[in-house]
Participant: 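Following this message is one structure expressed as structure tokens.
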Amino acid sequence: MARFIDDLAGAIYDFFKFIFKSICYLFAGMLIVGVPLYLIALAFKMIN
């Protein structure tokens, strides 16, 4: 029974670790893509 609980806790930990890592990659991608696009749009707005 203790082994089952240990395996279950490990599975839950892996699941939440995967979700957290996915959210971090999503935010990092948004920053890497979003900030340069915002700056390019700001530059075009100043030119026009």
Side-chain angles (χ1 to χ4, degrees):
M1 186 68 178
R3 183 177 171 138
F4 171 73
I5 293 173
D6 187 45
D7 287 343
L8 182 63
I12 292 171
Y13 172 76
D14 288 341
F15 176 73
F16 283 116
K17 185 177 172 184
F18 169 74
I19 295 296
F20 181 71
K21 189 182 284 189
S22 299
I23 291 171
C24 287
Y25 277 121
L26 178 69
F27 283 143
M30 287 168 59
L31 284 175
I32 290 170
V33 173
V35 171
L37 281 177
Y38 177 76
L39 293 176
I40 290 170
L42 191 64
F44 278 122
K45 188 177 179 181
M46 287 180 169
I47 291 172
N48 197 358

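Note that the structure is predicted; figures quoted are calculated from it, not measured.
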Participant: Starting from Ile23, can I reach Ile32 by hopping between I/L/V/M/F/W/Y residues whose side chains sit under 4.5 Å apart?
Facilitator: no
Participant: When you group the ILVMFWY residues by side-chain heavy-atom contacts below 4.5 Å and let the links chain together, are Ile19 and Met30 in the same group?
Facilitator: yes
Participant: With clusters defined by side-chain heavy atoms of hydrophobic residues (ILVMFWY) lying less than 4.5 Å apart, directly or transitively, does Leu26 cluster with Tyr38?
Facilitator: no
Participant: Do Tyr25 and Phe15 sit in one hydrophobic cluster, given that two such residues count as connected whenever their side-chain heavy atoms are within less than 4.5 Å of each other, even indirectly?
Facilitator: no
Participant: Roughly how far, to the nearest 0.5 Å, is NZ of Lys21 from CG of Asp14?
Facilitator: 10.0 Å
Participant: Can you get from Leu8 to Phe16 by hopping between Ile, Leu, Val, Met, Phe, Trp and Tyr side chains that sit under 4.5 Å apart?
Facilitator: yes
Participant: To the nearest 0.5 Å, how far apart are CG in Leu42 and CD1 in Ile47?
Facilitator: 10.0 Å
Participant: How far does CD1 of Ile12 sit from CG of Asp7, to the nearest 0.5 angstrom?
Facilitator: 11.0 Å
